[in-house]
Amino acid sequence: MKRGVIFLSVVVALYGCSNQKAPVSETESIPVTQVTGIGKIIPEGGITGLASPVSGIVASIPVNEGSKVKKGDGIVLLDNTDQLLAAREADNKISIQQKAVESQQWLVEQKKTDIAEKLRKLSDAQELFESNATSGENVRNLQNDVDMANLEMKKLESDLASQQSQLKEAFIQREIKRNNLEQTILRSPIDGVVLDILPKTGEAVSQYQTYASIAPETGLIVNAEFDELFASKLASGQSCKVYLPGDSIAVAEGNVIRVSDDLKKKSLFSENGEEMEDRRVREAEISLDTVSGELLINTKVECIVQVK
């Protein structure tokens with residue numbers, strides 16, 4: 001009897017517990033006010049890789065890495081022995097051809113004088129013939145002389161045109177040779193700072209091979225990547241603070257100046273291009289309006305953007 005009472009009491013207790021509702025905790029979503037990204041310092045406009053227009057052997061390198069250069073300054077000089085000889089040969093051909101043209105022009109002028117004299121004699125003979133002072137045969141002979149002289153003039157003028165055409169071609173060839181010579185000086189296309197020079201003196205450079213990289217003389221910006229989870233919250237004009245990794249004090253402040261229109265694979269500071277990675281990132285460029293420390297190109301930084 002006592003066991004039955006105890007069993008009934010336990011059943012009643014369990015039933016009462018099952019009817020009690022457990023408290024439900026309601027979690028409120030926390031608003032996102034900041035978005036953090038990883039970036040690196042780059043010059044505005046990016047770093048320019050320079051490709052050689054020709055193949056050759058490096059003769060000398062007149063600048064060093066870190067040197068400031070102006071547009072047109074030589075960065076790498078290739079051996080120009082063959083190109084220099086070709087340019088001199090082109091100069092000689094022009095000199096010879098100019099003399100040939102001058103000689104042909106003199107022959108044309110001489111023939112013009114000769115024709116003028118023959119025309120004068122023919123005119124006199126025609127007047128004499130009208131007064132019966134000379135024979136018709138003499139007039140015909142003088143006319144034949146004029147006709148022959150005119151034919152010779154056409155031949156001389158044709159030869160002159162040919163010589164002049166050859167002179168023009170010689171000038172064109174000289175420009176080509178001079179251009180080939182000029183291309184052995186690998187020049188900077190912009191004002192900037194030389195970051196890398198890849199070949200060394202005596203090494204070969206192939207056509208279209210990158211031989212140097214240069215940073216333009218522009219302000220610095222941050223090229224940053226933000227995780228796709230918060231990509232939609234980024235917008236131009238948002239303020240940003242820039243930190244060196246591990247620092248709690250901002251080294252620079254600025255604003256978002258450009259946001260990419262699509263998501264991309266992570267690229268900055270990637271250790272291995274074959275890494276399996278599902279996440280995507282959105283790129284943004286950030287201005288550096290105030291800088292409190294020294295920032296070098298390619299420095300890794302953390303960027304905290306105020307999205308609200």
Side-chain angles (χ1 to χ4, degrees), residues 27-51 65-72 188-196 210 212-308:
T27 58
E28 297 181 356
S29 60
I30 301 175
V32 177
T33 60
Q34 295 179 341
V35 175
T36 301
I38 301 298
K40 65 178 178 181
I41 305 297
I42 63 170
E44 189 173 359
I47 297 173
T48 301
L50 306 181
E65 293 181 358
S67 298
K68 290 186 177 182
V69 293
K70 295 292 185 182
K71 181 179 180 179
S188 172
I190 56 174
D191 297 347
V193 177
V194 178
L195 299 182
D196 294 305
T210 299
S213 60
I214 185 170
E217 280 192 346
T218 57
L220 298 178
I221 62 172
V222 180
N223 184 23
E225 294 179 346
F226 296 86
D227 192 272
E228 62 181 337
L229 183 62
F230 306 107
S232 62
K233 297 185 178 297
L234 293 171
S236 298
Q238 293 170 336
S239 63
C240 176
K241 289 186 177 182
V242 178
Y243 299 82
L244 295 176
D247 286 357
S248 59
I249 300 176
V251 71
E253 295 184 11
N255 294 281
V256 177
I257 56 177
R258 186 190 68 83
V259 180
S260 64
D261 295 327
D262 60 342
L263 297 177
K264 299 177 172 59
K265 292 182 179 180
K266 291 182 179 179
S267 60
L268 296 177
F269 309 105
S270 177
E271 297 294 337
N272 185 356
E274 298 179 356
E275 291 177 353
M276 297 299 292
E277 180 60 67
D278 293 333
R279 307 294 292 180
R280 294 290 185 269
V281 294
R282 191 177 189 186
E283 290 185 349
E285 290 183 355
I286 299 166
S287 65
L288 298 176
D289 301 332
T290 59
V291 180
S292 58
E294 183 179 5
L295 291 175
L296 301 178
I297 294 173
N298 287 330
T299 299
K300 183 179 179 180
V301 293
E302 296 177 354
C303 306
I304 299 180
V305 176
Q306 298 292 327
V307 295
K308 284 189 177 180

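Along the sequence shown, the residues carry numbers beginning at 1.
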* CA sep, side-chain torsions, deciding dist, call: R282, E228, side-chain contact (heavy atoms from CB on, under 4.5 Å) -> CA-CA 6 Å; R282 191 177 189 186; E228 62 181 337; over 6 Å; no

* Would you call T48 and I190 a side-chain contact if the rule is heavy atoms closer than 4.5 Å? -> yes

* **Summary of side chain to side chain donor-acceptor pair (under 3.5 Å) pairs that have at least one residue in residues 212-221, sequence neighbours excluded** => D196-S213

Ignoring hydrogens and angles, write down the donor-acceptor pairs under 3.5 Å from the side chains of residues 241-261, residues two or more places apart or on other chains.
unit_1 : atom_1 : unit_2 : atom_2 : d
N255   : ND2    : D289   : OD2    : 2.9
S260   : OG     : D262   : O      : 3.0
S260   : OG     : E283   : N      : 3.1
S260   : OG     : E283   : O      : 3.3

* Quick one: pull up CD in E285 and SG in C303 and give me the separation to the nearest 0.5 Å. => 11.5 Å

* Structure fact -> Here the pair of heavy atoms bringing V35 nearest to F226 is CG1-CD2, 3.5 Å

* Quick one: OG on S239 to CD on Q34, what's the gap to the nearest 0.5 Å? -> 9.0 Å

* To do: To the nearest 0.5 angstrom, please state how far the CD1 atom of I286 sits from the CG atom of L220.
  => 13.5 Å

* Side chains of K300 and I38 in contact at under 4.5 Å (non-hydrogen atoms) -> yes

* Contacts of type salt bridge (charged side-chain N to carboxylate O under 4.0 Å, His left out), residue D191, not counting sequence neighbours -> none

* **Approximate separation, where rounding is to 0.5 Å, of N223 CG and I41 CD1** => 10.0 Å

* K233 to V32 - nearest heavy-atom pair and separation -> CE-CB, 3.8 Å

* To do: Can you see which heavy atom on G46 is nearest to which on P216, and at what distance?
  => O-CD, 3.2 Å

* Structure fact -> Rounded to the nearest 0.5 angstrom, the CD1-NZ distance for I42 and K40 is 7.5 Å

* For atom NZ of K264, is the number of surrounding heavy atoms from other residues, nucleotides or ligands below 6.0 Å larger than 12? -> yes

* Structure fact -> Heavy atoms of I214 and V194 approach each other most closely as CG1-N, 4.2 Å

